[in-house]
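Okay, so here's the structure we're looking at.
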Amino acid sequence: MDINIGETLFIIVGAAISISVGELVSWFLVYRNADYKDLVSRIETAVAKYNKEKEQFVKETNAKNQEKRLSQIESQIKGLNYEMTFKKMISNAAVAILSIVTINSIGNYYSGIVVAKLPFEPFWILQQITHRGLNGEDLTDCSYIFIYILSALIFKSNIQKIFGLEGPKMPFGPGGPQPSLFKQ
């Protein structure tokens, strides 16, 4: 079975266009607004304050008072992060709908067509994605959805980095700071 490189490139270009349009929609609905820019500024200020307090926490002996201040700043950062998530909700819904429409459009054309050949046999979890909608037993055959997902992940992160749409960096994950941070 011959693989047409043009079909694979069409899927990659389709993913790039879809992600670019999605990020444009996000910029239009969220990133260009003064409210968002103000929120980013407040988060960055709170994160800088948190990092400064955390550095002092190691140096000072008054751990109880310092821990209370860190806890207050953490609560402020979590609240601002929640507000950021809420502001992005409509944009994320629009991007999700756009992605679903794109995947369905590409899927209507490429359903059952092998668009790439993998150099390995994927492990069982990935087989559900790489071989989706394909007939046959050759698990190295690759369907359109796997190429689209990989391309979309690559393009989305790079487009966000290039245009500065990543959002502020948090000093800790969604669950809050690690408990070992406060133990000495």
Side-chain angles (χ1 to χ4, degrees), residues 12-106 123 125-126 128-129 145-184:
I12 293 170
V13 169
I17 291 171
S18 172
I19 295 302
S20 297
V21 169
E23 289 303 315
L24 183 65
V25 167
S26 294
W27 177 82
F28 185 74
L29 293 176
V30 177
Y31 299 120
R32 72 181 180 105
N33 295 333
D35 291 345
Y36 174 80
K37 292 176 183 177
D38 179 55
L39 184 59
V40 168
S41 173
R42 291 182 6 219
I43 289 173
E44 288 172 348
T45 302
V47 167
K49 188 175 178 183
Y50 175 83
N51 289 335
K52 182 179 176 187
E53 289 289 331
K54 189 171 71 170
E55 287 175 13
Q56 288 179 354
F57 181 74
V58 175
K59 297 175 186 174
E60 291 185 14
T61 57
N62 192 359
K64 202 106 166 131
N65 198 14
Q66 192 74 13
E67 190 172 328
K68 184 178 177 183
R69 284 191 296 208
L70 277 173
S71 178
Q72 289 173 345
I73 297 170
E74 289 167 20
S75 297
Q76 179 187 11
I77 292 172
K78 287 179 185 177
L80 291 170
N81 194 27
Y82 176 77
E83 192 176 335
M84 173 84 69
T85 302
F86 187 73
K87 285 194 180 302
K88 290 182 176 182
M89 192 178 341
I90 294 172
S91 170
N92 289 342
V95 170
I97 290 170
L98 177 68
S99 294
I100 290 169
V101 168
T102 304
I103 288 172
N104 283 335
S105 299
I106 292 174
F123 54 95
I125 294 175
L126 279 181
Q128 301 296 317
I129 299 171
I145 192 75
F146 186 66
I147 301 296
Y148 180 87
I149 290 170
L150 285 180
S151 301
L153 289 174
I154 291 168
F155 287 122
K156 184 172 178 103
S157 63
N158 286 322
I159 287 172
Q160 287 178 338
K161 282 181 186 176
I162 290 168
F163 293 109
L165 304 176
E166 292 177 300
K169 304 280 187 260
M170 296 295 163
F172 44 80
Q178 301 300 321
S180 62
L181 180 70
F182 298 116
K183 305 295 181 212
Q184 297 240 337

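Owing to the predicted nature of the structure, the values given are computational and were not obtained by experimental measurement.
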d(Ile12 CD1, Ile154 CD1) to nearest 0.5 Å is 8.5 Å
Review point. Between Ser41 and Lys37, is there a donor-acceptor pair closer than 3.5 Å when you use the side chain of the first and the backbone of the second?
Key: no
Result for side-chain contact (heavy atoms from CB on, under 4.5 Å) between Ile100 and one of Asn104, Ile103, Ile97 points to Asn104
Quiz item: Lys54 versus Asn51: any side-chain heavy-atom pair under 4.5 Å?
Solution: yes
**Message:** Could you go through Gln76 and Leu80, starting from their C-alpha distance and side-chain angles, then the distance that decides it, and tell me whether this counts as side chain to side chain contact (heavy atoms under 4.5 Å, CB included)?
**Reply:** CA-CA 6 Å; Gln76 179 187 11; Leu80 291 170; 4.1 Å; yes
Separation between CD1 (Ile149) and CZ (Phe146), nearest 0.5 Å, reads 8.0 Å
CG (Asn158) and CG (Leu153) are apart, to the nearest 0.5 Å, by 11.0 Å
Residue set satisfying side chain to side chain donor-acceptor pair (under 3.5 Å) with Ser151, at least two apart, ordered chain then number -> none
Interatomic distance, CD@Glu23 vs CG@Leu165, rounded to 0.5 Å, equals 6.0 Å
On a heavy-atom basis, the closest approach of Ala94 and Leu29 is CB-CD1, 4.5 Å
In short, Gly14 meets Thr102 closest at the heavy-atom pair O-CG2, 4.3 Å
Here the gap from Asp35 atom CG to Lys87 atom NZ, rounded to the nearest 0.5 Å, amounts to 4.5 Å
Smallest heavy-atom separation, Ser26 atom then Val95 atom, equals OG-CG2, 3.6 Å
Closest heavy-atom pair, Ser18 versus Leu98, reported as atoms and distance to 0.1 Å, is O-CD2, 3.5 Å
To the nearest 0.5 Å, atom CD1 of Ile19 lies from atom CD1 of Ile159 at 7.0 Å
- Cation over ring, Arg32 on Phe28, under 6.0 Å and within 45°? yes
Scanning both residues in full, the closest heavy-atom pair of Ile43 with Met84 reads CD1-CE, 3.5 Å
Smallest heavy-atom separation, Lys161 atom then Glu166 atom, equals CG-OE2, 3.1 Å
Asp38 meets the salt bridge (charged side-chain N to carboxylate O under 4.0 Å, His left out) criterion, sequence neighbours left out, with Arg42
Handout entry: Steps toward side chain to side chain contact (heavy atoms under 4.5 Å, CB included) verdict (Lys88, Tyr31)
Key = CA-CA 9 Å; Lys88 290 182 176 182; Tyr31 299 120; 3.9 Å; yes
